[in-house]
Number of protein chains: 2
Amino acid sequence: MANIREIAKLAGVSVATVSRVLNNHPYVREEKRHAVQQAMDSLDYRRNLTAIHLSKGTTNLIGVVLPSIDIPYFSNIIEGIAEEGLQHNLQLVLVQTNYEISKELDALELLRGNLIDGLIFTSRAVSLDIIKQYNGNGPVVLCEDSDQLEFPSISIPHEQAFQRGLDYLISKGHSRIAYTLGRKTGANSQKRTTAYQAIMKKINEPIRDDWVFDKCLTITDGRQIIHKYNRLKEKPTAFLATNDQVAAGLIFGAQNDGLTVPYDIAVLSFDNQPISEVMNISTIDIPIKEIGRKAVQTLVEGKSAKKQKISLPFQLIERKTV
Amino acid sequence: MANIREIAKLAGVSVATVSRVLNNHPYVREEKRHAVQQAMDSLDYRRNLTAIHLSKGTTNLIGVVLPSIDIPYFSNIIEGIAEEGLQHNLQLVLVQTNYEISKELDALELLRGNLIDGLIFTSRAVSLDIIKQYNGNGPVVLCEDSDQLEFPSISIPHEQAFQRGLDYLISKGHSRIAYTLGRKTGANSQKRTTAYQAIMKKINEPIRDDWVFDKCLTITDGRQIIHKYNRLKEKPTAFLATNDQVAAGLIFGAQNDGLTVPYDIAVLSFDNQPISEVMNISTIDIPIKEIGRKAVQTLVEGKSAKKQKISLPFQLIERKTV
DNA sequence: TTGTAGGCGTTATCAG
DNA sequence: CTGATAACGCCTACAA
């Protein structure tokens with residue numbers, strides 16, 4: 001593999017000059033520039049990116065940690081990240097974690113090891129205190145509804161959004177409301193739970209542990225819930241679902257068991273993915289892709305900008321399942 | 001940021017020794033090893049990965065080109081790639097292309113620039129001749145049903161699988177069969193078309209251009225097809241769909257228009273994703289994740305192994321939409 | 001068992 | 001405008 005030195009020799013110039021033409025610097029006489037071009041062409045030269053990275057101390061690579069790429073919410077965020085990344089000439093290094101802390105630490109080590117210039121957590125299991133220890137190794141941004149100001153964060157206000165959903169259900173006559181969560185301990189889920197408890201208290205409804213369903217992320221998870229629902233002594237009349245996939249599963253399960261949506265049970269979800277439109281599922285729209293885009297923008301602004309919390313708008317979409 | 005030299009100085013040894021303990025080489029006296037550890041701890045040392053890459057000439061990074069991460073088929077492949085990559089200590093660099101050739105070339109340039117050790121095409125728009133020009137820069141593997149032997153490829157036999165699907169539909173009494181494709185010019189799609197034309201000829205049915213629907217990948221695409229179906233003068237009695245999402249969209253559209261599945265139209269699809277199970281869609285199972293895993297394995301075997309074509313099994317799953 | 005020194009391929013500073 | 005040359009941080013013969 002030809003390197004810059006060989007090009008220099010062949011073109012009869014110094015490596016510095018080659019580097020100059022490589023980087024479109026001014027002050028290179030046209031004939032030399034030409035000679036260098038010739039040499040590069042004839043040797044089919046390509047610069048070694050790793051060497052550039054080492055020399056520059058930056059890689060144009062950003063890490064993205066996500067639990068599973070197979071969940072539309074996350075693949076949507078990635079899509080936003082990828083689009084915006086392209087804009088800034090950034091490549092993406094994916095770190096799939098399944099919420100395993102050790103994998104998240106691996107991602108942090110990539111940052112510390114200077115392989116990536118910054119890191120986006122689309123979700124996390126590791127504590128913020130741990131992440132703080134990596135301060136100074138590069139910007140970190142969180143895609144979560146966060147109260148701290150140590151790291152920039154991008155999210156919709158989950159507590160308000162969940163409240164909005166509950167209010168809507170209540171306005172439709174429901175008071176016996178169950179809900180599902182992706183991962184109880186997640187930052188966003190905790191906000192949702194906070195909202196739930198507040199509203200239930202307000203309308204004098206008890207908090208029933210068996211009306212909150214944890215680890216619900218997929219259509220299959222949603223489908224399973226109906227089995228549990230059937231075994232419930234006291235049954236809710238409405239579900240506020242983690243996302244559209246879970247809602248879809250719930251609805252299929254209900255129909256399968258002869259229940260009518262929204263009369264026997266109402267279903268409201270989050271995300272507003274295509275499946276919700278096709279299935280006429282009432283949902284709360286989240287600008288997921290925009291979260292990804294903003295995450296990259298924030299990362300690029302880097303330390304120059306102050307750590308801010310960016311709050312994106314959500315919107316209730318009324319369709320036919322409530 | 002502390003580097004290996006500072007550690008050496010602090011520990012009172014040479015950089016070589018530090019490097020040795022870093023890489024768990026034998027022949028380091030325990031006390032020196034200890035001193036180095038101490039020094040590294042006290043300076044919170046982390047090796048610079050970029051430097052290692054430059055020095056070793058390898059990065060443990062592999063590129064993955066995919067048109068869109070937002071399509072379950074692709075996110076599934078990625079999932080397989082990520083899992084297997086973990087096994088081999090490989091990180092993933094994602095290159096989202098939207099089938100734009102220029103982006104695929106960018107990925108190839110990452111290979112040529114030694115940023116990645118190998119490249120997996122989960123799908124491609126660029127011609128094989130172009131990819132061949134990058135030979136020698138690192139292994140390339142294709143996730144497609146390919147006839148060439150220049151590059152290793154992993155796939156199910158799409159022609160046979162499509163035949164199997166058609167035979168099944170025919171056995172259920174259908175002869176007026178429409179089909180949808182993700183991208184007509186894709187390698188896999190072409191195999192499907194070949195199978196379609198052969199079988200239609202065999203049963204003496206004409207090939208009707210308006211019964212093949214291109215650019216169908218999502219649930220929304222499937223939903224749209226029903227609009228077109230309604231405008232058709234001659235209507236098919238069955239659809240063989242690109243994937244389960246398209247099938248789901250088709251089914252919702254049909255139901256919405258008062259059509260009964262499978263009596264008015266039958267639907268058979270590919271992939272066997274969770275949605276097909278929940279919706280009871282008859283489908284042809286493809287071991288998608290396994291394609292990803294095998295792609296990585298093949299990449300790792302690299303040039304040592306001969307370029308082979310790996311054919312994975314498919315399986316017809318009978319459910320309730322045919 | 002340890003250290004010296006050269007190499008990986010660029011970039012960038014600083015004279016000229 | 002151009003060229004030496006020193007980084008960048010690590011690895012690895014080779015020699016001791």
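Quick note on labels: first sequence line is chain A, next is B, and so on, each numbered from 1. Just so it is clear, the values below take in all heavy atoms, side chains as well, and ignore hydrogens, waters and symmetry mates.
Straight-line distance from the CD atom of A/Glu30 to the C1' atom of D/dT2: 15 Å, rounded to whole Å. Taking atom NZ of residue B/Lys9 and atom P of nucleotide C/dT2, one finds them 20 Å apart after rounding to whole Å. Look at CZ on B/Arg5: it is 8 Å from C1' on D/dC10, rounded to the nearest Å. Atoms NE2 (B/His53) and P (C/dT10) sit 17 Å apart, rounded to a whole Å. Atom CD1 in B/Ile7 sits about 12 Å away from atom P in D/dG9, given to the nearest Å. For the pair B/Tyr45 OH and D/dG9 C1', the interatomic distance rounds to 7 Å; values are reported in whole Å.
Side-chain proximity of B/Ser19 to D/dC8, C/dT2, D/dT12: nearest is D/dT12. Distances were taken from every side-chain heavy atom of B/Arg20 (C-beta onward) to each of C/dG3, D/dA4, D/dC1; the shortest belongs to C/dG3. For B/Ser55, counting side-chain heavy atoms from C-beta on, the closest listed nucleotide (C/dT11, C/dG7, C/dT13) is C/dG7. Relative to the side chain of B/Leu54, the nucleotides D/dG9, C/dT10, C/dT2 differ in distance, and D/dG9 lies closest. For B/Ala16, the listed nucleotide lying nearest its side chain is D/dT12; candidates were D/dG3, C/dC8, D/dT12. When distances run from any side-chain atom of A/Leu22 to the nucleotides D/dC10, C/dC8, C/dT11, the shortest one goes to C/dT11. Considering only the side chain of B/Tyr27, C/dT1 comes nearest among D/dC8, D/dC11, C/dT1.
Using a 4.0 Å cut-off, no side-chain N or O of B/Asn48 falls inside it from OP1 or OP2 of D/dG9. Look at A/Thr17 and you'll find a side-chain N or O under 4.0 angstrom from OP1 or OP2 of D/dG3. A close approach under 4.0 Å does occur between a side-chain nitrogen or oxygen of B/Asn23 and OP1 or OP2 of D/dC11.
A cation-pi contact, defined as under 6.0 Å to the ring centre and within 45° of the axis, is absent between A/Arg20 and A/Tyr27.
When heavy atoms are screened at a 4.0 angstrom cut-off, A/Val18 is found touching no nucleic acid atom at all. Residue A/Arg33 is classed as having no contact, given no heavy-atom separation below 4.0 Å to the nucleic acid. If you check every strand for non-hydrogen atoms under 4.0 Å, A/Arg47 touches sugar and phosphate atoms only. When heavy atoms are screened at a 4.0 angstrom cut-off, A/Ile52 is found touching the sugar-phosphate backbone but no base atom.
In this structure, A/Ser189 contributes its side chain and A/Arg183 its backbone to a donor-acceptor pair below 3.5 Å. A donor-acceptor distance shorter than 3.5 angstrom exists from the side chain of B/Thr298 to the backbone of B/Lys294, with no hydrogens or angles considered.
Residue-to-nucleotide proximity on DNA chain C shows that, of B/Lys56 and B/Val28, the 5′-proximal contact is made by B/Val28.
Remark: of the listed residues A/Ile291, A/Leu312, A/Asn243, A/Ile291 is the sole one forming a side-chain contact (heavy atoms from CB on, under 4.5 Å) with A/Ile286.
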